[in-house]
J.: 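Provided herewith is a single structure, encoded as structure tokens, for subsequent inquiry.
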Amino acid sequence: MKEALRYRLLAAQLEMARQADRAVVVVITGQAATGKTPLINALNHRLENRLTEVHALAPSSEERARPYWWRYWRRLPARGRVGVFVHGWYGDALFGRADQRLGAGAFRDRLAQIRAFEAELAAEGVALVKLWLDIDRDEQARHLKALRRDPERAWQVKDSDWQRHLQHRTLAGLGEQLRQATEAGHAPWQRLPGGPRQQPATALSERLVEAMAGPLPRVDGGCGPAAPRAEALPRLAQLSGPAGPGLAKPAYRRALAEAQARLAGNARAIHRRGIAVVLVLEGHDAAGKGGSIHRLTSALDARDYRVHRIAAPSDEERAHPWAWRFWRRLPADGRFAIFDRSWYGRVLVERVEGLATPAQWRRAYGEIRRFEGQLLAHGAVVGKLFLAIDKDEQLRRFRARAETPHKRHKLTEEDWRNRARWDDYRRAIDEMFVHTHDVDGGWALIDANDKRRARLAVLDHVNALLERRLAAPE
């Protein structure tokens with residue numbers, strides 16, 4: 001590589017780190033014996049290693065216990081950094097199809113997922129560099145044999161390399177299909193010759209400089225087509241209004257004990273079956289999300305659940321695409337993740353308070369549907385509950401909190417500010433239902449004007465979700 005290009009590459013990387021306005025994701029894939037390892041070593045020698053991470057491992061048992069895309073989301077570089085993936089999601093699709101672990105339809109579905117994943121990254125300020133390395137079949141055979149004869153390099157040749165050599169024609173055809181399906185202005189392919197006599201590092205370095213220092217490509221926004229909805233679409237107007245006579249405490253305690261015992265049994269069966277459970281509780285301020293979560297967790301084994309209270313993102317979270325902080329909190333199979341507020345903040349508080357642009361929150365509807373669809377495809381139970389109260393009941397609870405010393409900390413200036421925008425939140429909530437409610441991942445609208453009835457309704461809904469999943473064939 002020319003010295004001038006080396007300096008440009010390093011300077012571009014250091015300036016990107018200083019500005020922290022983007023991350024760069026590099027995916028290198030293609031035929032076997034094309035020199036991917038020497039190429040990456042050459043780049044590492046020229047880049048600042050403290051700002052670069054290389055990922056080339058097979059999925060671990062921890063990763064296999066979560067939805068497919070979890071392993072890639074959790075490894076995404078922060079803004080100002082470079083992440084290099086050897087084969088990455090493309091290798092999974094390419095070799096899975098070549099080895100017939102993926103059928104033709106599943107292969108097409110995976111390519112569609114890849115296209116959506118990369119569009120989401122690009123929209124969040126991730127520059128994508130995708131390199132396909134080619135080699136002639138005869139040249140590949142000569143190179144593999146030469147490596148095998150060399151005592152110092154024979155270890156580089158694995159049985160899988162010879163298998164990929166036998167699949168050369170198949171991989172070439174699949175590679176063409178793969179590149180055509182995932183080519184995009186924000187994620188273009190660069191196809192280069194590989195092998196011992198080629199020098200792809202120069203071309204890749206030039207592309208990296210452009211990705212680090214050039215303008216970020218635009219990605220079309222929009223929420224996409226509305227999700228297929230069940231007939232009973234939730235609407236806040238469906239609530240019955242102010243609470244009537246409250247449920248008597250003795251009756252409530254009996255019903256609560258029965259519902260929690262039922263949940264405890266269901267949770268043990270879920271654990272034995274290795275089914276992940278993701279529960280989302282959204283709702284008006286003071287609607288009783290915390291109390292409902294407490295009644296849920298009281299019936300669960302503390303080793304099997306985590307409660308995630310979602311507030312403003314941390315500096316680390318702001319340095320990644322917005323969905324990163326939710327992907328990394330997903331539970332392993334057999335465990336529960338309970339979200340006290342969630343990714344729906346993107347289309348609620350971030351929308352209403354102007355913390356997300358209209359393009360961002362509109363795009364989020366489709367991103368959320370894909371995210372939840374991937375959880376369901378993994379076999380997880382996804383429960384979404386919205387606890388709603390009317391405006392008068394909220395005011396009564398706010399005043400009660402203000403007058404109760406041990407509850408005063410629950411009432412904040414933000415609560416009053418949100419209340420002042422009640423109608424804006426009402427519109428955002430109803431639109432959220434329209435775009436994210438469907439048969440498989442639908443919303444349960446809980447009338448929370450009576451706290452005791454609401455807690456029982458939450459437990460009954462979660463129990464029904466678990467029992468429906470347990471009744472399904474394995």
Side-chain angles (χ1 to χ4, degrees), residues 1-30 34-56 72-90 114-115 117-133 179 182-192 194 198-221 315-324 359-360:
M1 186 188 299
K2 296 179 180 178
E3 289 299 307
L5 180 56
R6 290 181 59 178
Y7 295 137
R8 282 176 56 214
L9 178 60
L10 181 58
Q13 184 186 23
L14 295 176
E15 179 61 17
M16 181 183 72
R18 186 186 70 80
Q19 294 190 13
D21 64 339
R22 73 189 69 190
V24 173
V25 166
V26 183
V27 186
I28 301 175
T29 189
T34 48
K36 289 179 283 294
T37 299
L39 172 60
I40 292 168
N41 288 340
L43 282 178
N44 270 342
H45 185 62
R46 292 159 175 81
L47 291 171
E48 172 51 67
N49 294 135
R50 290 172 294 181
L51 301 172
T52 308
E53 298 172 0
V54 177
H55 305 287
Y72 294 117
W73 272 98
R74 68 194 291 257
R75 286 184 164 87
L76 290 177
R79 289 187 179 90
R81 301 181 66 88
V82 179
V84 181
F85 293 84
V86 183
H87 291 303
W89 42 94
Y90 284 107
I114 289 172
R115 189 177 179 92
F117 172 61
E118 292 179 346
E120 187 170 346
L121 297 188
E124 290 290 314
V126 177
L128 289 146
V129 177
K130 304 191 299 188
L131 179 64
W132 176 279
L133 291 176
R179 293 191 300 275
T182 58
E183 176 74 22
H186 56 266
W189 278 100
Q190 187 170 19
R191 187 178 178 186
L192 295 173
Q198 304 298 332
Q199 298 293 328
T202 298
L204 178 56
S205 296
E206 290 173 344
R207 177 70 186 89
L208 275 172
V209 171
E210 180 184 349
M212 293 172 179
L216 286 167
R218 295 179 62 86
V219 180
D220 291 337
D315 290 343
E316 180 188 21
E317 290 168 338
R318 279 192 292 268
H320 289 84
W322 78 273
W324 177 82
Q360 288 174 326

J.: Does a donor on one side chain sit under 3.5 Å from an acceptor on the other, for Trp89 and Glu118?
T.: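 Present: a donor and an acceptor within the cut-off.
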J.: With side chain to side chain contact (heavy atoms under 4.5 Å, CB included) as the test, would you mind laying out the steps for Arg6 and Leu9 before giving the verdict?
T.: CA-CA 5 Å; Arg6 290 181 59 178; Leu9 178 60; 5.8 Å; no
J.: Got a sec, which residues hit salt bridge (Lys or Arg N to Asp or Glu O under 4.0 Å) with Glu15, two or more places apart in sequence or on another chain?
T.: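 Arg18.
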J.: Not counting sequence neighbours, which residues clear salt bridge (Lys or Arg N to Asp or Glu O under 4.0 Å) with Arg75? List them please.
T.: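 Here the qualifying residues are Glu63.
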J.: Going by atom type alone, with no hydrogens or angles, which donor-acceptor pairs under 3.5 Å involve a side-chain atom of residues 47-54 and a protein atom two or more places apart or on another chain?
T.:
unit_1 : atom_1 : unit_2 : atom_2 : d
Glu48  : OE1    : Arg50  : NH2    : 3.4
Glu48  : OE2    : Arg50  : N      : 3.0
Glu48  : OE2    : Arg50  : NE     : 2.9
Asn49  : ND2    : Asn44  : O      : 2.9
Thr52  : OG1    : Gln13  : NE2    : 3.0
Thr52  : OG1    : Glu48  : O      : 3.1
Glu53  : OE2    : Arg81  : NH2    : 3.4

J.: List in chain and number order the residues that pass side chain to side chain donor-acceptor pair (under 3.5 Å) with Trp73, two or more places apart in sequence or in another chain; answer none if no residue qualifies.
T.: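 None.
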J.: Heavy-atom distance under 4.5 Å between the side chains of Val82 and Leu43, does that happen here?
T.: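 In short, these two side chains do not touch, never coming nearer than 4.5 Å.
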J.: To the closest 0.5 Å, what do you measure between CG (Leu39) and OG (Ser205)?
T.: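 Answer rounded to 0.5 Å: 8.0 Å.
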J.: Do Pro188 and Arg207 have side chains that get closer than 4.5 Å, going by heavy atoms?
T.: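 When only atoms from C-beta onward are counted, Arg207 and Pro188 do touch, with a gap below 4.5 Å.
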J.: Can any side-chain N or O of Arg8 pair as donor or acceptor with the backbone N or O of Glu206 at less than 3.5 Å?
T.: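 Side chain of Arg8 to backbone of Glu206, a donor-acceptor pair under 3.5 Å: no, none is there.
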J.: If every non-hydrogen atom of Leu216 is compared with every non-hydrogen atom of Ala127, which pair is closest and at what distance?
T.: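 Nearest heavy atoms, Leu216 then Ala127: CD2-CB, 4.0 Å.
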J.: Where do Ala12 and Ala213 come nearest, in terms of heavy atoms and distance?
T.: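 Reported closest heavy-atom pair: CB-CB, 4.5 Å.
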J.: First locate atom CD of Gln190, then atom CZ of Arg179, and finally report the distance between them rounded to the nearest 0.5 Å.
T.: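 The CZ atom of Arg179 is 12.5 Å from CD of Gln190, to the nearest 0.5 Å.
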J.: Can you measure from CD (Glu317) to CH2 (Trp322) and round to the nearest 0.5 angstrom?
T.: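 Separation between the atoms: 12.5 Å.
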J.: Hey, does the side chain of Arg115 reach the backbone of Glu183 with a donor-acceptor pair shorter than 3.5 angstrom?
T.: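 Present.
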J.: Please find the pair of heavy atoms, one from Met16 and one from Val24, that lie closest to each other, and give the distance.
T.: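 Scanning both residues completely, I find the closest heavy atoms to be SD-CG2, 3.6 Å.
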J.: Just by distance, do the side chain of His320 and the backbone of Leu76 share a donor-acceptor pair under 3.5 Å?
T.: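 Side chain of His320 to backbone of Leu76, a donor-acceptor pair under 3.5 Å: yes, one is there.
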J.: Can you list every salt bridge (Lys or Arg N to Asp or Glu O under 4.0 Å) pair that touches residues 19-28, not counting sequence neighbours?
T.: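 Listed by first then second residue: nothing to list.
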J.: Test side chain to side chain contact (heavy atoms under 4.5 Å, CB included) on Leu131 and Val26 and set out the steps.
T.: CA-CA 8 Å; Leu131 179 64; Val26 183; 5.7 Å; no
J.: Side chains of Trp189 and Thr29: does their closest heavy-atom pair fall under 4.5 Å?
T.: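 Result yes, sub-4.5 Å side-chain heavy-atom pair found.
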J.: Might you work through the side chain to side chain contact (heavy atoms under 4.5 Å, CB included) test for Leu192 and Gln198, ending with a clear yes or no?
T.: CA-CA 9 Å; Leu192 295 173; Gln198 304 298 332; over 6 Å; no
J.: Tell me, please, which residues at least two apart from Glu124 pass salt bridge (Lys or Arg N to Asp or Glu O under 4.0 Å).
T.: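 Result, salt bridge (Lys or Arg N to Asp or Glu O under 4.0 Å) vs Glu124: Arg346, Arg363.
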J.: Can you list the steps and then say if Lys130 with Thr182 is a side chain to side chain contact (heavy atoms under 4.5 Å, CB included)?
T.: CA-CA 10 Å; Lys130 304 191 299 188; Thr182 58; 3.9 Å; yes
J.: Over all heavy atoms of both residues, which pair between Gly83 and Pro77 is shortest? Give the atoms and the distance, please.
T.: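 Closest approach of Gly83 to Pro77: N-CG, 3.6 Å.
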J.: In the structure I gave you, are the side-chain heavy atoms of Tyr72 and Phe85 within less than 4.5 Å of one another anywhere?
T.: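 Tyr72 reaches Phe85 side chain to side chain.
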J.: Over all heavy atoms of both residues, which pair between Gly30 and Lys36 is shortest? Give the atoms and the distance, please.
T.: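 Looks like O-NZ, 4.2 Å.
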